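The structure appears below as structure tokens.
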Amino acid sequence: MIELEGVPELVDPVMVAAFEGWNDAGDAASAALDHLDQAWKGEVFAALDAEEYYDFQVNRPRMWLDGGVRRITWPTTRLSVVRVGAEEGNGRPRDLVLVRGVEPSMRWRTFCNEVLAFAHELGVEMVVMLGALLGDTPHTRPVPVSSVTSDDKLARSLNVEESRYEGPTGIVGVLQEACAHAGVPAVSLWAGVPHYVSQPPNPKATLALLHALEDLLGLSVPLGDLTEDARAWQLGVDQLAADDSEVAEYVQSLEEAKDTAELPEASGEAIAREFERYLRRRSGGESPGPGGPGQSPGGQGPYLRDPNSGRRRGRGDGDDTPPAGGERDSEG
């Protein structure tokens, strides 16, 4: 039995998780969680035992100096809690439990059970997992983000895709299935990262994941310099592509394929979501429309989108795959 001391009673808590490693192309997902932690001043309240889950020859500990004292930081998974104010939380305060770690090397089932034990003890209403995978998506277009779940009822109520993925999976996919078996609502958000510019950081993909999280939970995340960082990143990649004719030609072919496949109504939905986000920020966190896109169908929690706000686009068929042409299907 997990006993948590010093953790206050949480308000409508949602668990948001991201893991370094195979699920984290361009460090986009872990950077998104870091941004949430910094923006809302998260406080770590628990950490999983590193000895239980990590091969230290694969994920090595780091030595550092603290005022002349040598210390070691072990690879692990830490949990922190952040309070979202009413002005940013759809008109009411709420809490996010952030799970930030490294994909474990072993004992994944035990790992997931321990994370779910924390979720149960804290009264978590839903688990949202963030991931990013490489794909054939041009850096000049909006980052594709797929939203998927393994629960058919949740897929209908949240207007997200139901997972159809088959193939190799990472800890995000395993945790999603563990949530499904435990009866915990769970959704995965997957960003597609251009494979030809895969080195981290990728602030544009991080920003896209945060926007998808805003839409899903009805939040308004303080973005700070992230928008400008994403713009600078794209300009930098533009310059690199312009200096290499082969890369420029390849990017153009990806653009043409993307534009051909993109449905006109999908573009319209993207514009509508951006306008909703603008209104939410302008009105101090309150979402437009009756109930707002973050209100559950039963009016019992602000994490569900308005069923009438339109189905989220994306080819997510499983738990680990971004939604663009040529990419693997999202695992979700």
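As the structure is a computational prediction, the values presented were derived from the model and not from experiment. By convention here, the first residue in the shown sequence is residue 1.
- For the atom pair CE (M129) and CH2 (W190), the distance works out to 9.0 Å, reported to the nearest 0.5 Å.
- Residues K258 and D136 are not paired through a salt bridge, judged by the lack of any N-O separation under 4.0 Å between the basic side chain and the carboxylate.
- Put simply, the side chain of N113 never gets that close to the backbone of A117: no donor and acceptor are under 3.5 Å apart.
- With respect to E228 and R231, a salt bridge is recorded, a charged nitrogen being found less than 4.0 Å from a carboxylate O.
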**Q.** Evaluation steps, side chain to side chain contact (heavy atoms under 4.5 Å, CB included), between L175 and W108
**A.** CA-CA 8 Å; L175 181 56; W108 282 16; over 6 Å; no

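- By the 4.5 Å heavy-atom criterion applied to side chains, L216 and M126 are counted as neighbours.
- For the pair L219/R94, a side-chain contact is recorded, criterion being any heavy-atom separation below 4.5 Å from C-beta on.
- Comment: R100 engages E20 in a salt bridge, judged by a side-chain N to carboxylate O separation of less than 4.0 angstrom.
- Looking at P61 and P75, their side chains come closer than 4.5 Å, going by heavy atoms from C-beta outward.
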**Q.** L240 vs V197, side chain to side chain contact (heavy atoms under 4.5 Å, CB included): CA-CA, chis, key distance, verdict
**A.** CA-CA 10 Å; L240 291 174; V197 56; 5.9 Å; no

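- Cluster annotation: Y54 is connected to M63 through the hydrophobic network of ILVMFWY side chains, with a link wherever side-chain heavy atoms come within less than 4.5 Å.
- The CG atom of L210 sits 10.0 Å away from the CG atom of L189 when rounded to the nearest 0.5 Å.
- Side-chain contact of E161 with S146: a donor-acceptor pair under 3.5 Å is absent, judged by distance alone.
- N202 places a side-chain N or O within 3.5 Å of a backbone atom of A205 that can act as its donor or acceptor partner.
- For the residue pair L207 and A230, the shortest heavy atom distance occurs at CD2-CB, 4.1 Å.
- Taking 4.5 Å as the limit, some side-chain heavy atom of F45 sits within range of a side-chain heavy atom of V97.
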(Q) Run the ring pair (Phe, Tyr, Trp, His ring centres under 6.0 Å) test on Y250 and H195 for me, step by step, so that the C-alpha distance in whole Å, both residues' side-chain angles and the decisive distance to 0.1 Å come before the verdict. (A) CA-CA 12 Å; Y250 178 65; H195 66 85; 5.7 Å; yes

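- Atom CD in E114 sits 8.0 Å away from atom CD in E52 (nearest 0.5 Å).
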Q: Just do the side chain to side chain contact (heavy atoms under 4.5 Å, CB included) check on V128 and M15 with the steps written out, would you?
A: CA-CA 6 Å; V128 180; M15 180 176 280; over 6 Å; no

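- Side-chain contact between H35 and V221: present, with at least one pair of heavy atoms (C-beta onward) separated by less than 4.5 Å.
- The shortest side-chain heavy-atom distance between V99 and V16 does not fall under the 4.5 Å cut-off.
- Two different hydrophobic clusters hold W64 and W74 under the rule that ILVMFWY side chains link at heavy-atom gaps under 4.5 Å.
- Side chain of T149 to main chain of A186: a donor-acceptor pair is present (N/O by atom type, distance under 3.5 Å, no hydrogens or angles).
- To the nearest 0.5 Å, atom CG of residue L134 and atom OG of residue S198 are 5.5 Å apart.
- The closest side-chain heavy-atom distance from L36 to L213 is below 4.5 Å.
- Remark: the backbone N or O of P138 is not paired with any side-chain donor or acceptor of E255 at under 3.5 angstrom.
- The neighbour count for D152 CG, taken as heavy atoms of other residues, nucleotides or ligands under 6.0 Å away, is above 12.
- By the 4.0 Å N-to-carboxylate-O rule, D229 lies too far from K204 to be salt-bridged with it.
- Minimum interatomic distance between A208 and V145 (heavy atoms only, all atoms of both residues): CB-CG2, 3.7 Å.
- Across all non-hydrogen atoms, the minimal contact from W40 to P222 is CZ2-CD, 3.5 Å.
- Atom CD of residue E249 and atom CG of residue D244 lie 10.5 Å apart, to the nearest 0.5 angstrom.
- Distance OG1/T206 to CG/D27: 8.0 Å, rounded to 0.5 Å.
- The backbone N or O of D55 lies less than 3.5 Å from a partner atom in the side chain of S105, making a donor-acceptor pair.
- A continuous path of Ile, Leu, Val, Met, Phe, Trp and Tyr side chains, each step under 4.5 Å between heavy atoms, connects I72 with V102, placing both in one hydrophobic cluster.
- For the pair D95 (side chain) and V11 (backbone), a donor-acceptor distance under 3.5 Å is present.
- Side-chain contact check for D34 and Q38: no donor-acceptor pair (N or O, by modelled atom type) lies under 3.5 Å.
- A distance-only check finds a donor-acceptor pair linking the side chain of T76 to the backbone of L48 [under 3.5 Å].
- In this structure, Q176 and S150 approach most closely via the heavy-atom pair NE2-N, 3.0 Å.
- In terms of hydrophobic clustering, with Ile, Leu, Val, Met, Phe, Trp and Tyr side chains grouped at heavy-atom distances under 4.5 Å, F56 and I171 are assigned to a common cluster.
- Smallest separation of non-hydrogen atoms from A17 and F19: CB-CE1, 4.0 Å.
- Across V193 and A25, no two heavy atoms sit closer than the pair CG2-O, 3.7 Å.
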Q: I would like to know whether D151 and E162 meet side chain to side chain contact (heavy atoms under 4.5 Å, CB included); could you show each step before the answer?
A: CA-CA 7 Å; D151 186 323; E162 184 180 355; over 6 Å; no

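- At least one side-chain heavy atom of L158 sits under 4.5 Å from a side-chain heavy atom of V187.
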